[in-house]
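These notes are about the structure you will find just below.
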Amino acid sequence: MTTETLHIEIQQVAESNIHQVDFDNLVFGKYHADHMFVADYANGEWQSLRVVPYANLSLSPATAALHYGQSIFEGMKAYKNDDNEVLLFRPLDNLRRLNRSAERMCMPTLPEEIFMAGLETLLRIDGAWVPKQEDCSLYVRPYMFATDPYIGVRPSDNYTFIIFTSPVGKYYSKPPRVKVETQYIRAAEGGVGAAKCAGNYAASLHPAKLAQQQGYDQLIWTDAREHAYIEESGTMNVMFSIDGKLITPAVSDTILNGVTRKSIVEIARHWGIPVEERRVSLQEVIEAIQKGNLEAAFGAGTAVVVSPFAVIGYDGIDYELPALTEDSFAIRAKNFLTEIRTGQIADPFGWVVKI
Ligand code: COI
């Protein structure tokens with residue numbers, strides 16, 4: 001099956017909603033572009049590929065995903081270059097992770113041809129929704145969920161895969177204050193921490209709400225055994241610039257294999273900056289802050305891009321982090337990534353896919 005031979009039924013909106021969007025004041029997740037791509041999995045194969053107007057779904061009250069959580073998703077971003085061509089960033093890395101999540105959650109994998117054909121068709125139709133404003137992009141949300149109308153506990157036989165898009169601005173309007181979580185956990189070895197599944201996010205909401213009540217924006221999760229090692233944050237992987245090195249927790253079955261994380265690591269290596277991907281203890285980070293050796297602590301993720309932290313709260317103490325200059329690795333890496341993704345400079349890594 002190739003992209004050319006796949007049949008995608010197309011039903012376009014009678015009138016676009018694009019004029020209702022204030023592109024100069026985009027907030028994350030508020031608007032949705034006109035169309036969505038949909039595919040159904042039934043009788044052991046993906047079928048009924050279609051692009052249809054973005055609209056509510058009709059589901060049985062017994063829909064399996066709503067009860068037992070067979071539901072996975074991805075996040076990607078599309079940008080425009082100066083010639084108004086739409087550029088996607090590393091879509092096949094997201095597909096690979098979607099399929100790893102699918103295997104862990106006992107769901108069917110999605111063939112590359114369907115994923116890419118769906119993305120390309122949707123983005124050609126809704127290309128006008130890709131913003132060009134600074135710090136803005138079209139966020140692309142592919143997801144899959146179990147649709148059997150059956151409440152016995154077993155893997156569903158039927159699934160729906162959807163891609164919809166959303167023009168977005170910055171995820172955090174200012175550098176987030178993050179709290180190191182040492183009571184609740186996000187993931188344990190052997191669990192589903194490496195899968196981008198809905199339940200991981202549901203389980204994070206209560207601890208995140210408690211942290212928000214204490215004045216923080218987000219959590220830094222620690223390991224389930226000792227609460228001594230840093231894992232990741234609620235919406236991003238976590239990285240540190242210490243003594244001229246980039247240090248970040250190695251990916252494992254408790255940490256998401258972030259595409260932005262991986263890209264920042266590759267950029268650092270490309271620039272000859274020493275990178276350490278390993279277990280990162282809280283103690284070493286706090287000591288580095290106290291000794292003045294920590295240049296930056298930041299989150300890396302599709303939604304947040306690169307988000308330097310303002311404060312790390314740990315054990316009742318708020319550690320204020322230094323303000324970053326344009327020379328700092330985090331800011332240089334963010335700018336370099338943006339220039340690659342928007343086609344302002346040649347892409348030395350082959351990451352950008354033109355639609
Ligand atoms: C993304 O960065 O795309 C994510 O999936 C994080 C999201 C939960 C905001």
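We count residues from 1, following the sequence as given. Not measured: the values here are computed from a predicted model. In what follows, every heavy atom counts, from backbone to side chain, and hydrogens, waters and symmetry copies are set aside. Whatever order the structure lists them in is the order used to number ligands and atoms, beginning at 1.
Between D217 and K179 there is no salt bridge, since no side-chain N of the basic residue sits under 4.0 Å from a carboxylate O of the acidic one.
With a 4.5 Å cut-off on side-chain heavy atoms, M239 and I264 count as touching.
Protein heavy atom at the shortest distance from atom 2 (O) of ligand 1 is A303 N, 2.8 Å. Nearest to atom 7 (C) of ligand 1 among the protein's heavy atoms is R141 NH2, 4.1 Å. Nearest to atom 8 (C) of ligand 1 among the protein's heavy atoms is Y201 CE2, 3.5 Å. Remark: minimum distance from atom 5 (O) of ligand 1 to any protein heavy atom is reached at K196 NZ, 2.7 Å.
Residue F73 has at least one heavy-atom neighbour below 4.0 Å for each of these atoms of ligand 1: 5 (O). Against a heavy-atom cut-off of under 4.0 Å, Y139 is close to the following atoms of ligand 1: 1 (C), 3 (O), 4 (C), 5 (O).
Atom-to-atom distance recorded for W46:CH2 and M144:CE is 4.0 Å, nearest 0.5 angstrom. Note that OG1 of T342 is 12.5 Å distant from NZ of K77, once rounded to the nearest 0.5 Å.
For the side-chain contact (heavy atoms from CB on, under 4.5 Å) test, residues two or more places apart in sequence or in another chain that qualify with E103 are T109.
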